[in-house]
Amino acid sequence: MKRLVFLDESVRLIFHAVLVGSIYLLFVGHNQPGGGFVAGLVAGAAMSLRYLVGGLAEVRRISRFQPWTIMALGVAISTSTALAPLSRGHSIMASMSTSFDLPLLGHIYASTTLPFDIGVYMVVVGLVFMVFEAFGEDPDAEADEVPEADEEGATR
Amino acid sequence: MNQLIPLPIVLPLLAAALASLFGRWKVVQRIISVAVLTATSAISILLLVRVDRDGPLVMHAGDWRAPIGITLVVDRLSAIMLTVASLMLLAVLVYAIGQPGAERHHVGFQPVYMILAAGVAGSFLTGDLFNLFVSFEMMLTASYVLLTLGGRKDQVRAGMTYVVISLLASTLFITALALLYSATGTVNMADLAAKIGQLPLGLRQAFAVLLVVVFGVKAALFPLFSWLPDSYPVAPGPVTAVFAGLLTKVGVYALIRSQTLLFPEGSRPVTLLLITAGLTMAFGIIGAIAQDDVKRILSFNIVSHIGYMVFGLALFSVGGLAAAIFYAVHHIIAMTTLFLVDGLIEHAGGSSRMRELGNMVRSAPVVALLFLVPALGLAGIPPFSGFVPKLGLIQSGFAAVGGQGHRALVIGVVAVSLVVSLLTLFSVIKIWIGVFWSPAFETPSGAAHTVGRLGGPPLMVIPTATLFVLGLTVALTAGPLYRLCERAASDLLNPHAYITTVLGR
Amino acid sequence: MHGAIAAVLFPSGAHLGRKSFIVAAVAPLSALIWLCIQLPDIVEGRVITQHLSWVPQLGLSVDLRLDGFGALMMLLITLIGVVVCGYSAAYFSPTSPGLGRCAGLLVAFAAAMLVVVLSDNLFLLATAWELTSITSYLLIGNDHTKVKARAAALQALLITALGGLAMLAGFVLIGQAAGTYRLSAILASPPTGGTVSVGLALVLIGAFTKSAQYPFHSWLPGAMAAPTPISAYLHSATMVKAGVYLVGRFAPAFATVTIWRPLVLGVGATTMVLGGLRAMRQHDLKLLLAFGTVSQLGFLIVLFGAGTPEATAAGCVMLLAHALFKATLFMVVGALDRRTGTRDLRRIPVLGREWLGVKIAAVAAAASMAGVPLLLGFIGKEAGLDALGHAGFGASGWVIAAIVAGSALTVAYSVRFVWGMFGGGSLVSERNDPDRAPRLEFLVPVAVLAGIGIVLGVAPALANGLVEVASTALDPAAPAAHLAIWHGANLALALSAVALAGGTMLFLVRDRIEPVLAVGGRVPSGAAVYTRLLRGTNNAATVTTSVIQNGSLPLYAGVTLATAAVVPGAFLVSRAAWPGFPRFVEHWAQLPVVIAILGAAVAAAVVRRRFSAALFLGTTGYAMAGLFVVQGAPDLALTQVAIETLSTVLFVLVLRRLPDRFERTSSNRRRALRLVVSGLVGVLVFTFAIVSRANRDAVPVSTEMIARSLPEAHGRNVVNVILVDIRGFDTMGEITVLTAAGIGAVALARAGKRRRSSREVAS
Amino acid sequence: MSIVLAFAAASLFAIGTHLVLQRKLSRIIIGLALLSHGANVLLMTSGRGGVAPIIGSGDVTDFSDPLPQALALTTIVITFGVTALLLAMAYRSWLLTNDDEVDDEVDDDVIDSDVLRGGWHDKEVDDELSPEEPGVDA
């Protein structure tokens with residue numbers, strides 16, 4: 001398929017913008033509409049844009065990691081965050097937090113809910129990746145036993 | 001001690017994450033999974049001992065006290081179920097590792113299996129109705145995946161039935177939750193128990209019935225069971241064993257828990273449960289008789305025997321509930337063992353269809369023994385494990401006849417249960433004849449393996465034999481176990497301790 | 001008691017070929033020796049008990065109690081057990097497979113049988129009872145490659161298991177009425193009432209099935225498919241006596257219950273006559289004996305069931321006699337079969353001198369069976385007739401008549417047996433072959449049992465003590481036994497004479513009265529019912545299952561949804577009060593949004609192109625997001641939009657593979673049904689929603705969540721605080737659901753494509 | 001709760017049911033999605049509607065009920081995951097059969113006429129189930 005370079009580039013531009021937006025949503029989630037799910041899904045929606053222009057190969061170009069790695073890491077982060085308080089004699093999932101002052105940013109409040117939400121975000125992003133892995137293959141390419149896309153996926 | 005409560009849920013989840021991270025190293029995956037399930041088994045035994053001594057234990061997730069947050073509660077019933085479930089999961093995992101098949105060919109097997117384990121544990125431990133939904137979904141989604149691992153045509157076809165019906169049940173569950181929240185403003189079970197009591201009687205009854213239907217699909221009650229015998233047999237062997245042993249029992253657990261905890265006496269649908277129990281027994285066994293395939297016969301037997309547990313529940317007496325709980329324990333062990341034996345049969349004979357098998361009492365005598373005893377136990381033949389709860393049910397049934405109401409119905413159900421246990425005997429003996437005694441009529445469709453003295457690879461035979469011994473132990477130590485079940489049952493009928501521990505009043 | 005327990009351990013060690021039977025014999029032998037040591041005590045009336053708790057809450061415990069009657073039964077079980085084990089070692093050919101299994105099962109059976117007769121707990125008795133059924137099943141099917149053996153085994157199992165279950169239910173009823181499940185306690189103070197009658201009837205069904213009483217007798221002849229030693233042991237001497245044993249135990253306590261005597265005596269007498277008739281027409285000696293057993297069991301049931309002390313005492317004698325002579329005869333037939341290759345009485349060759357010992361034993365045993373004086377069988381029968389003659393209940397005349405008729409038949413078939421054995425019916429007069437002489441191993445067991453029978457017959461006083469203690473154990477009023485050959489000329493003696501003479505007559509004129517004898521085979525029996533019932537069950541199961549389990553997903557889904565709508569709906573409509581309608585709308589914006597949602601939903605449902613349906617579904621989703629905005633749920637709206645976008649893309653990805661249009665496939669009836677179910681579901685949801693909302697008066701827990709969100713969780717967005725903190729546990733579960741779904745989706749999409757990619761799935 | 005919302009939920013349930021009872025998996029999936037929308041509308045109506053529950057954005061007493069929202073969010077996401085899985089099945093089914101019709105036969109091998117004889121061949125049924133009664137015609 002011949003790509004229109006300019007379309008390609010603009011989609012990537014939009015993609016990155018949306019990605020930044022999604023990370024913003026992730027971080028403000030505690031106080032405004034947003035949060036891990038929403039942010040992850042928005043990132044996923046952005047990925048579907050990339051898919052539309054370049055198919056599975058284009059989606060695979062987004063990340064160096066395998067989708068299941070992202071997902072598994074997400075689950076690992078969230079569950080570890082959940083487990084951590086147990087070792088301190090708290091209940092599972094108990095949020096542990098500290099607040100401190102940084103010179104430039106002012107008063108910072110940090111709590112374990114954030115890594116938990118990051119885990120959620122990663123899982124959702126990973127899921128979207130996997131969905132494209134599952135359904136995204138070109139029907140024509142799939143007829144051949146060794147499609148190029150796969151080679152590419154494997155080397156990445 | 002309370003710190004242990006969430007571990008049976010969270011540890012497998014962590015293991016699932018690690019297992020998929022270490023997907024390239026099969027050995028690491030296996031070590032992690034076996035270690036985690038061993039740990040959860042140990043934890044659940046500890047919890048059982050502790051809870052039996054000191055009463056229910058709770059943990060409020062995130063330190064948000066009930067009814068705000070999600071509460072995890074261990075009482076005797078959940079500890080019993082959790083213990084049995086953990087042991088089964090562990091045994092089947094070892095078996096799966098020993099068997100050439102799904103576990104070896106799919107890197108995804110281990111993580112998904114761990115998620116299943118977490119879902120099962122979550123269902124037993126949670127004290128929150130919505131969290132129960134989430135746990136169900138963990139368990140079910142994992143089961144969808146395990147069922148279709150391999151992607152064969154029959155698997156996909158059966159998977160569709162299974163997934164669609166389960167999704168319908170899940171939607172019904174959400175509907176019930178929405179309606180309950182609508183009426184009470186809470187989803188915490190202990191809190192619901194208090195608030196449902198203030199609703200008008202008719203609405204309470206309608207809720208009780210709605211929940212019977214919701215959990216009835218999972219537990220495979222008449223007429224909601226048809227999905228089960230169609231879908232279970234297509235899964236890879238060990239997976240079917242877990243499904244058969246555990247998944248329906250989680251439904252039964254939810255039925256018992258919801259009907260005893262949430263609904264005060266008088267609003268429980270006793271008549272409906274009795275009728276359902278009788279019909280489930282009857283139709284399940286009728287289905288079993290009509291089959292030619294070992295797995296299908298056993299699958300229908302699952303359905304049939306759920307009826308016994310529901311009968312025990314429907315009596316709402318200590319005796320009835322204790323028998324139901326004991327029956328569940330026995331049934332989990334016996335069914336899992338039998339499906340593992342079926343795996344051995346398939347391994348040795350290349351098929352699970354009776355006319356392609358035969359004369360295995362000669363070729364694999366160990367397998368024959370491993371089959372016969374749990375099978376007789378399933379049919380409630382004394383002194384094997386199924387007899388004790390059956391006797392308990394008959395006794396409680398007749399005792400209930402002396403009480404008020406439902407006389408004819410209870411007598412009818414007892415009669416049905418007796419006839420059904422005869423037919424159960426017939427159905428398992430049919431397997432015995434078809435697989436072990438009579439010569440094969442056709443050549444098996446799959447490849448048969450040569451088996452040694454044990455009748456299969458050691459890693460397959462040893463877990464099976466362990467469960468076999470466990471079943472015998474349950475029968476031998478039925479006295480103390482039954483007393484434990486009675487204590488659990490009287491907790492259920494008198495949920496005051498549960499509610500006050502959860503709500504902290 | 002340890003003998004019983006030790007016996008169980010033997011199957012494990014027994015894989016020594018024929019020798020395994022010798023090993024096996026150790027178990028009953030040790031029990032026998034133990035019994036002999038205890039016997040003096042027991043004769044003095046001491047009772048040995050042992051108690052082991054099992055499930056006390058259910059009244060289930062291991063209570064063993066050895067009293068006089070138990071000792072009599074135990075003596076039979078162990079004595080004949082030892083003899084049969086010895087005999088088996090000769091009977092089986094060294095090469096036949098599964099000998100160890102067979103020996104092990106035999107010992108296991110002996111143990112179970114001992115527990116039956118020693119049990120003082122109803123449920124323990126039921127347990128051992130079922131175990132004898134199971135071991136019997138496995139032994140009948142010993143030759144499992146033969147379909148007839150399998151069928152016979154199945155029949156025996158199902159019929160006796162049916163009885164066992166009935167008995168179990170009966171035990172529960174009786175025990176609950178009595179307040180204890182201890183047999184001795186129940187018998188000491190028998191409960192009364194309607195429940196007890198029902199319970200007794202159920203228990204009797206158990207006894208009748210086990211003791212092969214009409215109409216449940218058909219399994220016993222079938223059980224002859226078992227090897228002959230097994231038949232000798234299980235199916236004549238011991239297991240079939242379990243029912244007799246039970247009747248004997250219960251009769252003294254319950255004989256006065258209205259249903260007891262008509263049932264027991266009627267069934268017993270019928271069985272005795274019919275069994276005798278059938279025995280007359282058998283050519284297979286083993287079957288002849290089997291029907292003879294059926295007949296004799298009927299007699300025993302009558303004797304024990306009468307419930308009078310004298311009859312009980314007579315029963316004890318008869319029980320002993322029968323076990324001795326029937327086991328002997330079976331072993332004789334077994335020896336004949338092994339050495340001559342046939343047991344058809346028309347084919348048995350004239351036997352030579354080497355057979356003399358066997359012949360003597362056989363004649364003695366058969367004569368005992370026929371009730372010839374000077375033998376134990378005579379004494380038993382005599383005593384029985386005498387007892388029934390003096391019994392003070394109605395209709396005893398009929399019973400006596402039936403017994404005399406039955407006895408005459410017994411005489412006739414005994415004569416026929418002997419006649420056949422001596423080659424009387426032989427069509428081929430084969431030459432005697434020295435190779436076919438019976439070996440000593442055959443002779444010894446046969447001789448032992450026959451010898452005991454003869455000795456006791458000549459000197460019945462030897463058995464006095466045992467019989468007396470046995471009968472008084474059952475019924476304290478039982479008379480002191482004074483077994484003697486000559487009781488003086490009385491009615492009983494006359495009847496015995498009539499029976500003997502009549503029997504001989506019957507034998508002589510057997511060909512002429514053939515049609516009369518044939519009646520026995522024509523009386524409708526349980527066998528036909530059994531077969532019809534079993535096949536009927538099989539067919540009914542098949543038809544039912546093919547209807548309700550036809551694999552149709554729409555059917556399953558329809559049943560599920562219809563149940564969900566109708567059952568709770570019925571409760572709701574009939575029991576709950578209608579609270580009245582709420583406001584029409586809460587917010588003006590709800591109306592257009594709902595119209596958009598429903599419009600898109602209807603469109604998604606009716607369009608014929610898959611692609612359009614997917615797009616309309618997406619529209620519904622976006623409209624849902626609109627609803628969420630209106631309801632004040634921005635997080636939800638955002639999520640919904642993102643998910644809907646993804647889902648639509650997903651749908652399109654999948655749908656591009658599928659044909660563009662749906663074909664119309666369903667019939668009008670189906671569509672109507674669908675509409676009905678949908679309507680019901682809709683109505684239920686509508687009603688339920690309104691009723692449940694109207695009944696809320698509690699403050700929702702979320703009020704507190706809002707209050708605590710900022711101070712405790714440091715978050716302003718309450719929904720997000722709930723998701724990641726308050727109910728974070730849900731969220732953790734949820735992401736694992738996603739993980740599983742992701743793994744599954746990829747595994748499915750890639751399944752079976754390439755090895756490499758399947759490895760890739762989660763690597 | 002208003003009549004309109006209750007009606008919306010009920011209608012979504014009815015339409016969804018109608019679709020679920022059909023044979024094409026695509027329709028079934030759409031039906032399930034509509035059922036899930038219906039359940040979500042019910043969840044929304046189970047709590048109070050109002051202003052977005054973000055502290056500082058309005059009067060606390062006007063807030064919409066946040067708990068059902070959180071629950072609905074969880075359900076939506078779970079349903080999405082499971083739907084993806086179901087779609088994968090449809091896709092797989094298409095690969096294997098070139099259709100997404102959910103036909104009635106479960107397994108060609110199992111529901112054939114042999115099952116109609118209870119797993120035993122005709123001859124076998126006769127043999128296994130009917131022991132000859134020995135001696136009837138001897």
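A, B, ... follow the sequence lines: proteins, then strands. Residue 1 opens every chain. The structure displayed is predicted, hence computed values, not measured ones.
- Taking the side chain as every heavy atom from C-beta outward, B/Leu168 and D/Leu35 approach each other to under 4.5 Å.
- Residue contact with chain B, scored on non-hydrogen atoms closer than 4.5 Å, involves the backbone and the side chain of D/Leu71 alike.
- For D/Thr74, the part sitting under 4.5 Å from any heavy atom of chain B is the side chain, from C-beta outward, and nothing else.
- Interface remark: D/Asn40 contributes no atoms to any contact with chain B (heavy atom separation under 4.5 Å).
- A heavy-atom distance below 4.5 Å is not found between the side chains of D/Leu43 and B/Tyr181.
- Interface check for chain D: of the options B/Leu179, B/Thr175, B/Thr148, B/Val187, the most heavy-atom pairs under 4.5 Å are formed by B/Thr175.
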What verdict does the side chain to side chain contact (heavy atoms under 4.5 Å, CB included) test give for D/Ser93 and B/Arg157, after you've listed the backbone C-alpha separation in whole Å, the side-chain angles of each residue and the deciding distance to 0.1 Å? CA-CA 7 Å; D/Ser93 164; B/Arg157 172 63 189 82; over 6 Å; no
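- A donor-acceptor contact shorter than 3.5 Å links the side chain of D/Arg92 to the backbone of B/Gly151.
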Acceptor/donor pairs from residues 4-15 of chain D side chains to any protein atom, 3.5 angstrom cut, sequence neighbours excluded:
{"residue": "D/Ser11", "atom": "OG", "partner": "D/Phe7", "partner atom": "O", "Å": "2.6"}

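- Counting heavy-atom pairs closer than 4.5 Å to chain B, the top residue among D/Val20, D/Leu67, D/Thr79 is D/Leu67.
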Let me see the working for D/Leu86 and B/Tyr144 under side chain to side chain contact (heavy atoms under 4.5 Å, CB included), right down to the final yes or no. CA-CA 9 Å; D/Leu86 197 54; B/Tyr144 308 150; over 6 Å; no
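- Across D/Ala39, D/Gly38, D/Ala72, D/Ala88, the residue that shares the most heavy-atom pairs under 4.5 angstrom with chain B is D/Ala39.
- Of all heavy-atom pairs between D/Met89 and B/Val156, the closest is O-CG1, 3.6 Å.
- Remark: of the listed residues B/Ile174, B/Val134, B/Thr171, B/Ile174 is the sole one forming a side-chain contact (heavy atoms from CB on, under 4.5 Å) with D/Thr75.
- Most heavy-atom pairs under 4.5 Å with chain B, from the set D/Asp65, D/Thr17, D/Thr83: that is D/Asp65.
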